[in-house]
2 protein chains.
Amino acid sequence: MTSRIEKLCEERSILLTEQRRIVARVLSESSDHPSVKELYSRAAAIDASLSIATVYRTLRLFEEAGILERHAFDGRESRYEEASTDHHDHLIDIDTGVVVEFQNEEIENLQEEIATRLGFELVGHRLELYGRKIK
Amino acid sequence: MTSRIEKLCEERSILLTEQRRIVARVLSESSDHPSVKELYSRAAAIDASLSIATVYRTLRLFEEAGILERHAFDGRESRYEEASTDHHDHLIDIDTGVVVEFQNEEIENLQEEIATRLGFELVGHRLELYGRKIK
DNA sequence: CAGTGAATGATAATCATTCGCAAGTAAAAA
DNA sequence: TTTTTACTTGCGAATGATTATCATTCACTG
Ligand SMILES: [Mn+2]
Ligand SMILES: [Mn+2]
Ligand SMILES: [Zn+2]
Ligand SMILES: [Zn+2]
């Protein structure tokens with residue numbers, strides 16, 4: 001039961017301590033986009049001695065290694081998810097906070113076009129839709 | 001020399017104090033997307049007794065009145081600009097921080113389509129491109 | 001098993017932002 | 001014009017998220 005995150009850590013020769021393993025496990029078992037606080041409480045349920053400082057450190061480490069992606073929906077606190085090979089963007093329900101994922105090749109291509117037209121090499125982007133559920 | 005922001009304040013019967021007038025003026029004279037700290041120092045150059053708390057309060061007031069737009073590029077500190085009638089999105093130069101504006105009707109339409117398809121009414125969105133200048 | 005560098009937990013520090021409050025100011029009422 | 005009332009401001013404290021510090025512990029090498 002070696003998670004995908006753990007495999008990636010080995011590839012990048014990131015030392016996998018017990019606490020990092022816990023953070024990795026909690027994240028791979030989360031399908032929502034948990035905040036640091038949420039991650040911390042889920043991880044603390046496994047090992048109560050875990051420090052939130054270590055959670056922050058681990059998240060940053062994983063993010064810089066390209067293993068995780070950080071989001072700051074609407075400029076709020078950071079939320080994380082596993083970086084997947086197939087890129088997607090997000091729609092956030094403004095009433096409930098629920099995050100829905102979507103992919104749109106057309107928009108991705110248009111972004112490339114726009115950047116090129118403006119004289120830039122596109123390095124990344126952030127697309128968030130904010131909406132309200134239609135009953 | 002009544003700025004557009006001042007006009008909008010009158011329309012919304014927002015009391016225009018001297019400090020609010022200064023914040024309005026500094027913003028209308030800025031074509032970049034200044035952070036609160038930047039706005040504060042530009043405003044303090046006009047009236048040194050101005051408090052940063054008032055700047056924050058004024059920015060929030062104007063934003064809630066739809067007069068300003070707040071951005072949190074890459075999850076960093078808030079930056080502001082005058083809300084214009086013609087919507088645009090941003091490309092940020094990751095080396096210099098320079099912000100370039102662009103408009104793309106096609107992307108806007110696709111966003112509506114996506115939201116609808118997912119069963120949501122699109123209320124807002126955020127699209128940021130991050131790129132590096134091609135020499 | 002000792003030696004060295006990295007990782008951890010606890011806590012202090014920092015940064016952006018908001019609050020609380022006493023004092024000032026403007027608009028409404030008398 | 002006085003009085004009353006409501007809104008604003010500056011200052012500093014409080015907050016919440018994140019990072020830094022530091023003594024201690026851990027992992028790996030020889
Ligand atoms: Mn996602
Ligand atoms: Mn803009
Ligand atoms: Zn995308
Ligand atoms: Zn747009």
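For the numbers below, each heavy atom of this structure counts, side chains included, while hydrogens, waters and symmetry mates do not. Here is how names work: the chains are called A, B, and so on, in the same order as the sequence lines, proteins then strands, and each is numbered from 1.
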What nucleotide, of C:dT18, D:dT19, C:dA7, holds the atom closest to the side chain of A:Arg60?
D:dT19
What's the closest nucleotide to the A:Glu77 side chain, out of D:dG10, C:dA27, D:dA17?
D:dA17
Are B:Phe73 and A:Leu122 connected in the hydrophobic side-chain network, where two residues link if heavy atoms are under 4.5 Å apart?
no
Nucleotide D:dT8, atom P - distance to CG of B:Leu59 in whole Å:
15 Å
A:Lys37 atom NZ is separated from D:dT15 atom C1', nearest whole Å, by 11 Å
Atom-pair distance (CZ on B:Arg20; C1' on D:dT9), nearest Å:
10 Å
Answer yes when B:Lys37 and B:Glu77 have at least one side-chain N-carboxylate O distance shorter than 4.0 Å, and no when they do not.
no
Between A:Ala53 and A:Leu61, just flag the one whose closest nucleotide in DNA chain C comes earlier from the 5' side.
A:Leu61
Under 4.0 Å: is that the gap between some side-chain N or O of B:Thr54 and OP1 or OP2 of D:dG10?
yes
d(CZ, A:Arg79; P, D:dT18) in whole Å
11 Å
Closest to side chain of A:Gln19, choosing from C:dA7, C:dA16, C:dT8
C:dT8
From CD of A:Glu38 over to C1' of D:dG16, roughly how many Å is that when rounded to an integer?
15 Å
Given A:Glu6, which of A:Arg20, A:Arg25, A:Arg21 fulfils the salt bridge (Lys or Arg N to Asp or Glu O under 4.0 Å) condition?
A:Arg21
Salt bridge check: are B:Asp74 and A:Arg126 linked by an N-O gap of less than 4.0 Å?
yes
Of all the choices, C:dA27, C:dA7, D:dA17, which nucleotide is nearest to the side chain of B:Leu15 once you look at every atom?
C:dA27
Any salt bridge between B:Asp32 and B:Arg42, counting N to O under 4.0 Å?
yes
For the side chain of B:Val36, starting at C-beta, report the closest nucleotide among C:dA7, D:dT8, C:dT17.
C:dT17
Output the rounded distance in Å from CZ (B:Arg57) to P (C:dC21).
14 Å
Could you check how far CG of B:Leu16 sits from P of C:dA26, rounded to whole Å?
13 Å
Counting only heavy atoms from other residues, nucleotides and ligands, does the tally under 6.0 Å from CZ of B:Arg76 exceed 12?
no
Side-chain atoms of B:Thr17 come closest, of C:dA16, D:dT8, D:dA17, to D:dT8
Would you compute the distance between atom CG of B:Leu50 and atom OG1 of B:Thr58 and round it to the nearest 0.5 angstrom?
7.5 Å
Counting just side-chain N and O atoms, does A:Ser78 come under 4.0 Å of either OP1 or OP2 of D:dT18?
yes
Partner of B:Arg79 by salt bridge (Lys or Arg N to Asp or Glu O under 4.0 Å), out of B:Glu63, B:Glu69, B:Glu128, B:Glu38:
B:Glu38
Polar atom pairs (N or O), protein with nucleotides 3-6 of chain D, under 3.5 Å:
none

Between B:Ile14 (CD1) and C:dA26 (P), how many Å, whole number?
18 Å
Closest to the B:Tyr56 side chain, choosing from C:dT18, D:dG10, C:dG9:
C:dT18
Once you apply a heavy-atom cut-off of 4.0 Å, does A:Ile52 come out as touching a base, just sugar-phosphate, or nothing?
nothing
